[in-house]
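Notes for the one structure printed next.
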Amino acid sequence: MHEPPYSLGKIRTPHGTIRTPALIPVIATSYGIWDKWINGEFTAPWELAQSAILSLYHVLQYGRKDEVLQKGIHDVLHTKNPIWMDSGGFQYMKKGAELEPLDVLHYQELSGCDIGVTFDYPITPSLDNDEKLGRLKRSVEAANLMLSHNKEMKLYGAIHGSTPNEIEEYSTNLDSGFDGYAVGSLVPRKSQYVHLIDIIHASRNTTNSPLHAFGITGFPALYALSYLGVDTFDSWTYVVAAAYKEYIHPEKLTRVKNLKTLSSLPECNCSICQEYGLMDFLQPTSEGEILLALHNLNIFLQEMKNIREAMEENELESYIVQKGKVGNRNINIAFKLAQKKEKEGKEIIHHTGT
Ligand SMILES: [Zn+2]
């Protein structure tokens, strides 16, 4: 009998259980949106979804930083849901700045987040080999250092690598004891499915613990990586698309652009579209952007629910094929690559007899 590469799972945290695979929306701090959500003016993403993720980089720049570190992130967000705190390594890389790994751990502990991710030094395709290997080594050292000082928080080890071999070697150098692993450095090449699938497949093969994929932008990757056994994804596409006034089509899952030129939107049954419509989304205010972001997030969350239900029925493959027929053609492209990779992996295991 063919064993599927994926399975339904549960991640237990002090603030409840996350049913996987799950999309963890990124809480972005831009445009004053964050405060309107915190003030309860609109349903917050961290209430719509099972959980949400913040970057420590954004928290440390935030006006309520002290409040977060004194009262805890759950108190500031007024939520009882699990909250993740990424180290901000990706944002610090872009700014050319760094934090001390043990300071990151300390901030994460003070924030009371449920799951923290180790500080990392992401890599990009443009780095020369020495610099790349140096950054991978430092990411491993930071992860092991944080693990050795961590007390009770769930800690995910960040994983990086530009090839499957680098991923394997990196994983071998990590100490044991992490609660899960988070694969990074995927963002700069996000549209290259071959690379994405190679790296995720290699990462999945190094561990049975929960696996998180950073910075996933669209449905083709969500389907393909769910199929390959990724447990959680973070994404801020819902809010980025809204900033560009793009509406995610509820059926085709494509981004509907130029809303201004439309007379109506495709029908949507989500909680936002029951109350609001095109004219509300087009308001040139943060309200318009928030409502559009919430519609977009609803579509992502509904699809993750559909994926979990299809897994439960043992019908994920046919579900993805069917979604590929109605809209975004990259769904098929990414899924075929994932299936091919999975099949090759099985043949290698078969031939080596392990
Ligand atoms: Zn909607």
Side-chain angles (χ1 to χ4, degrees), residues 18-53 77 79 81 215-223 226 232-310 319-320 322-331:
I18 302 167
R19 294 178 310 283
T20 64
L23 180 99
I24 316 294
V26 173
I27 306 306
T29 56
S30 51
Y31 314 118
I33 287 179
W34 150 283
D35 280 324
K36 285 188 186 294
W37 273 325
I38 286 182
N39 294 336
E41 293 174 46
F42 298 91
T43 309
W46 52 89
E47 298 301 329
L48 274 187
Q50 301 181 65
S51 177
I53 185 165
L77 297 179
T79 186
N81 282 342
I216 297 303
T217 55
F219 293 97
L222 279 185
Y223 290 126
S226 292
T232 49
F233 310 87
D234 65 81
S235 178
W236 70 345
T237 300
Y238 73 104
V239 75
V240 173
Y244 287 101
K245 289 281 183 229
E246 293 173 357
Y247 171 94
I248 296 178
H249 193 299
E251 279 297 309
K252 296 182 185 168
L253 306 177
T254 46
R255 295 198 201 179
V256 180
K257 299 176 184 182
N258 300 318
L259 297 191
K260 259 189 234 166
T261 63
L262 302 180
S263 54
S264 66
L265 286 174
E267 197 177 327
C268 176
N269 295 323
C270 92
S271 57
I272 289 296
C273 297
Q274 298 311 298
E275 271 191 66
Y276 304 96
L278 181 59
M279 295 319 286
D280 302 298
F281 299 150
L282 281 175
Q283 292 174 74
T285 58
S286 50
E287 280 82 355
E289 208 168 306
I290 285 173
L291 293 170
L292 192 48
L294 291 174
H295 156 81
N296 289 342
L297 180 57
N298 274 332
I299 303 303
F300 272 101
L301 296 176
Q302 180 60 50
E303 271 316 302
M304 292 313 298
K305 194 165 166 236
N306 293 346
I307 288 173
R308 289 194 297 272
E309 282 171 7
Y319 180 74
I320 299 174
Q322 178 241 319
K323 293 309 284 192
K325 281 182 187 153
V326 281
N328 194 335
R329 58 188 284 274
N330 285 337
I331 291 174

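Values reported hereafter were calculated over all heavy atoms of this structure, with side chains retained and with hydrogens, waters and symmetry mates removed. Start at 1 and go down the list; that is how both ligands and their atoms are numbered.
- Residues satisfying the salt bridge (Lys or Arg N to Asp or Glu O under 4.0 Å) criterion with K257, sequence neighbours excluded, are absent altogether.
- For the atom pair CG of L265 and CE of M279, the computed distance is 10.5 Å after rounding to the nearest 0.5 Å.
- For S235 (side chain) and I216 (main-chain N/O), a donor-acceptor pair under 3.5 Å exists by modelled atom type.
- Shown are I24, L77, N81; of these, the side chain to side chain contact (heavy atoms under 4.5 Å, CB included) with W46 is made only by L77.
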Worked check of side chain to side chain contact (heavy atoms under 4.5 Å, CB included) between N296 and T237: CA-CA 8 Å; N296 289 342; T237 300; over 6 Å; no
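- Of all protein N/O/S atoms, those under 2.8 Å from the Zn ion (ligand 1) are C268 SG, C270 SG, C273 SG, H295 ND1, and waters are not counted.
- Ring geometry for Y247 against F281 counts as tilted: the plane angle lies between 30° and 60°, on a 0 to 90° scale.
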